[in-house]
There are 2 protein chains.
Amino acid sequence: MPETSPRKPSSIDVARAASVSQATVSYVLNGKSAGLVSDETRERVLAAARKVGYRPNSLAKALLKGRTNTIGVFVSFLGSRYHADIVLGAQEVLEEHGYSLLLTASETDHKARASRISFMMNHRVDAILLVGGFYEDMTQPLCLNEAVAERLPCVVVDDAYAHSTVDCVVSDDSQGLALAVNHLKSFGHSRIAYLPAPWKGTTADARINGYIRAMTAAGLDVMPELYAPPAGAGDEIANLALELLRQPNRPTALIAANDHMLGYTVRALRELNLSTPDDVALVGYGNQEIAMVMELTSVDQQPRLMGKSAALRLLARLEQGDMPHQTIQTPVKLVVRASTVGEAQP
Amino acid sequence: MPETSPRKPSSIDVARAASVSQATVSYVLNGKSAGLVSDETRERVLAAARKVGYRPNSLAKALLKGRTNTIGVFVSFLGSRYHADIVLGAQEVLEEHGYSLLLTASETDHKARASRISFMMNHRVDAILLVGGFYEDMTQPLCLNEAVAERLPCVVVDDAYAHSTVDCVVSDDSQGLALAVNHLKSFGHSRIAYLPAPWKGTTADARINGYIRAMTAAGLDVMPELYAPPAGAGDEIANLALELLRQPNRPTALIAANDHMLGYTVRALRELNLSTPDDVALVGYGNQEIAMVMELTSVDQQPRLMGKSAALRLLARLEQGDMPHQTIQTPVKLVVRASTVGEAQP
DNA sequence: TTGTATGCGTTATCAC
DNA sequence: GTGATAACGCATACAA
């Protein structure tokens with residue numbers, strides 16, 4: 001057994017085993033042997049490659065070609081199904097085109113972000129995909145400064161930057177709120193409250209504005225006292241919802257900025273002995289697992305679609321670098337469940 | 001502006017800019033200039049590197065050194081918070097040691113797995129981390145065949161293989177069930193049912209066996225009629241739970257193989273007008289988000305810990321290749337909530 | 001039809 | 001202290 005060398009077999013080893021030159025091996029293994037290498041030699045090379053256990057070295061190839069076919073993916077919070085789905089959607093498209101993902105998930109660590117991006121650039125990724133809101137009030141996420149300066153294609157998903165130097169992909173919050181409002185209106189609701197998200201950023205703004213626009217467009221009065229400032233953890237949200245629903249002329253319907261908050265709201269409703277959807281109809285946002293389990297109507301942002309859309313944009317930019325940067329809005333859809341149309345629940 | 005060349009500046013460019021040789025640049029930039037390079041030269045090199053925007057090329061280094069400092073991570077289902085947490089835990093440890101993650105998530109696509117692993121090997125990853133159960137009745141996951149054959153270090157998280165040729169990390173299901181059973185027993189329960197998982201594999205088996213052992217050890221009768229065969233989707237689980245709870249001498253407590261199933265069970269309980277925890281106490285498994293929202297007592301598998309443990313094992317094996325393969329069990333903990341100790345809920 | 005030579009960007013071993 | 005030079009594995013222009 002030639003178990004002495006821990007080195008992996010290279011194309012030179014294959015060449016030796018097949019008694020040909022290394023160039024011939026390269027031709028054969030890359031399918032460029034048409035009318036160049038004799039069938040007999042071709043077979044001999046293929047057999048030799050199999051015999052020595054040859055495995056092409058992507059590193060060497062990348063070094064030579066100047067591109068790695070690798071996309072650096074930076075996820076702000078991998079633990080959410082939503083972000084994970086975006087990544088999966090992007091992966092599906094990118095792998096189809098021969099790219100693989102160099103992924104890093106950073107949760108809260110602010111300083112480490114730029115350093116991780118820098119690391120990816122050292123690895124010579126062909127482009128960078130940023131997944132998840134970073135909610136900085138700038139023209140681009142701070143951690144992308146170096147990347148943008150070095151003209152590396154960048155796409156940001158789930159956070160839109162004004163006058164951007166990067167491409168952005170966000171789901172259409174305006175459409176989402178319109179779907180929610182119109183759905184409720186079609187069931188006769190007019191006093192529709194909105195429970196905003198407990199975080200700041202372009203997405204939060206887009207949803208509040210979407211709510212206001214949709215209400216106005218539907219000819220309904222915006223209820224300013226009802227979109228209270230966002231609270232923190234679960235119990236506080238429940239309390240906020242309680243307050244909202246104890247008001248003299250309380251809303252007959254409630255739209256929450258995410259399903260998670262709505263989960264706590266359901267608890268609050270029980271305490272007040274209000275039934276859903278008869279007393280208060282509920283629409284969530286995000287169509288998370290909890291919406292399925294608790295039978296909540298919710299706006300599905302179709303994160304996989306967002307990921308795919310971002311990937312396609314990335315591919316386009318890789319082919320043709322000098323395009324104007326744009327913000328792409330992807331469609332959402334309303335998933336109707338018992339919290340708006342079901343039999344009443346105690 | 002020298003904007004003509006799209007080529008990135010190399011250490012040679014730095015050398016030219018600093019009027020030194022390329023080797024000197026290498027010494028300075030790798031901190032090996034102690035007593036070798038004059039301070040004055042050192043400064044000049046550093047300044048030149050900054051000026052030309054030098055960025056070391058990991059590919060070239062990897063090609064030369066024969067190691068990429070990259071770990072291939074293969075996740076069977078990234079969409080779950082549980083798997084994501086395992087990845088995050090592993091990432092934390094690995095990045096601390098200078099490794100980065102080449103990640104691929106495959107959901108159901110069976111055939112593509114081996115091909116993705118092969119791709120990682122072409123990229124010359126230093127090791128492979130498999131996250132998520134693959135539930136094949138073998139000595140190792142099929143997609144690792146090539147990797148094992150080529151002696152690449154492999155660690156599998158969340159699925160244990162008997163007489164394994166790889167290292168495995170699983171959370172201690174035996175301990176988890178024991179914690180659950182003893183917790184319930186301490187509240188006077190003796191008729192404790194177990195609702196098994198709707199999937200097969202080593203984990204499912206370990207939990208059922210853990211239940212039986214824990215019950216026996218606690219001096220309680222195992223209730224064979226209560227661990228019915230697993231059902232499929234949500235409604236079926238709810239029906240199964242309904243059946244279980246309609247029995248003449250129904251259990252006073254129920255342990256579910258995961259929180260998700262318990263979510264549906266709660267629905268079933270409401271239909272029967274049974275209260276929690278007075279009529280039936282509930283313990284879930286996994287401590288998912290839904291357990292938090294629905295106030296369910298649950299066994300936390302501490303997935304981050306699992307990830308860290310796997311990463312440490314990987315690092316150990318990278319330092320010293322010839323160790324016997326082992327299966328590591330990581331500790332779990334019980335998170336107590338209202339479904340076992342709270343005021344009764346209607 | 002096949003073989004030779006070169007360079008991608010590093011690091012490391014030598015002479016100078 | 002410093003500067004050539006080799007090697008890592010591959011693709012390709014060019015010579016034979």
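These figures come from a predicted structure and were not determined experimentally. Lettering follows sequence order; numbering is per chain, from 1.
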Could you check which of D/dC8, D/dA11, D/dT2 has an atom nearest any side-chain atom of A/L64?
D/dA11
In whole Å, what is the span from the CZ atom of B/R42 to the P atom of D/dG1?
13 Å
How is B/T41 classified with respect to the nucleic acid when contacts are heavy atoms under 4.0 Å: base, sugar-phosphate, or nothing?
sugar-phosphate
By the 4.0 Å heavy-atom rule, please label A/V25 as base, sugar-phosphate, or nothing.
nothing
Atom-pair distance (CG on B/D39; C1' on D/dG1), nearest Å
12 Å
Which residue, B/T24 or A/S26, contacts DNA chain D at a nucleotide closer to its 5' end, judged by nearest heavy atom?
B/T24
Taking 5' to 3' order, which nucleotide of DNA chain C is first and which is last to have an atom within less than 4.0 Å of a heavy atom in chain A?
C/dT1 to C/dG9
Testing the basics here: between B/A48 and B/A18, what is the closest heavy-atom pair and its distance to 0.1 Å?
CB-CB, 3.7 Å
Sugar-phosphate only, base, or nothing, as touched by B/R55 at under 4.0 Å among non-hydrogen atoms:
sugar-phosphate
What integer distance in Å separates A/K32:NZ from D/dA11:P?
9 Å
Under 3.5 Å, is there a donor-acceptor pair between the A/Q140 and A/N145 side chains?
yes
Show the nearest heavy-atom pair for residues A/V37 and A/V28, with the distance to one decimal.
CG1-CG2, 4.1 Å
Spacing of B/H123 atom NE2 relative to D/dC8 atom P, expressed in whole Å:
21 Å
Nearest-angstrom distance from the residue atom OH of B/Y27 to C1' of D/dA4:
11 Å
Heavy-atom distance under 4.5 Å between the side chains of B/I128 and B/I71, does that happen here?
no
Nearest-Å distance, CG (B/L29) to P (D/dT2)?
15 Å
Between A/S118 and A/S115, is there a side-chain donor-acceptor contact under 3.5 Å, judged purely by atom types and distance?
no
Using only heavy-atom distances, decide whether a donor-acceptor pair under 3.5 angstrom links the side-chain of B/Q22 to the base of D/dA4.
no
So which one's nearest nucleotide on DNA chain C is more toward 5', B/N30 or A/S38?
A/S38
Interatomic distance, B/L63 CG vs D/dA11 P [rounded to whole Å]
12 Å
Determine the minimum heavy-atom distance between A/M306 and A/V169, stating which atoms define it.
O-CG1, 3.8 Å
Starting at atom CZ of B/R67, determine the distance to atom P of D/dA7, rounded to an integer number of angstrom.
23 Å
State, without any angle test, whether B/N122 and A/S58 hold a side-chain donor-acceptor pair at a distance under 3.5 Å.
no
Nearest-nucleotide 5' precedence on DNA chain C, A/A23 against B/L59
A/A23
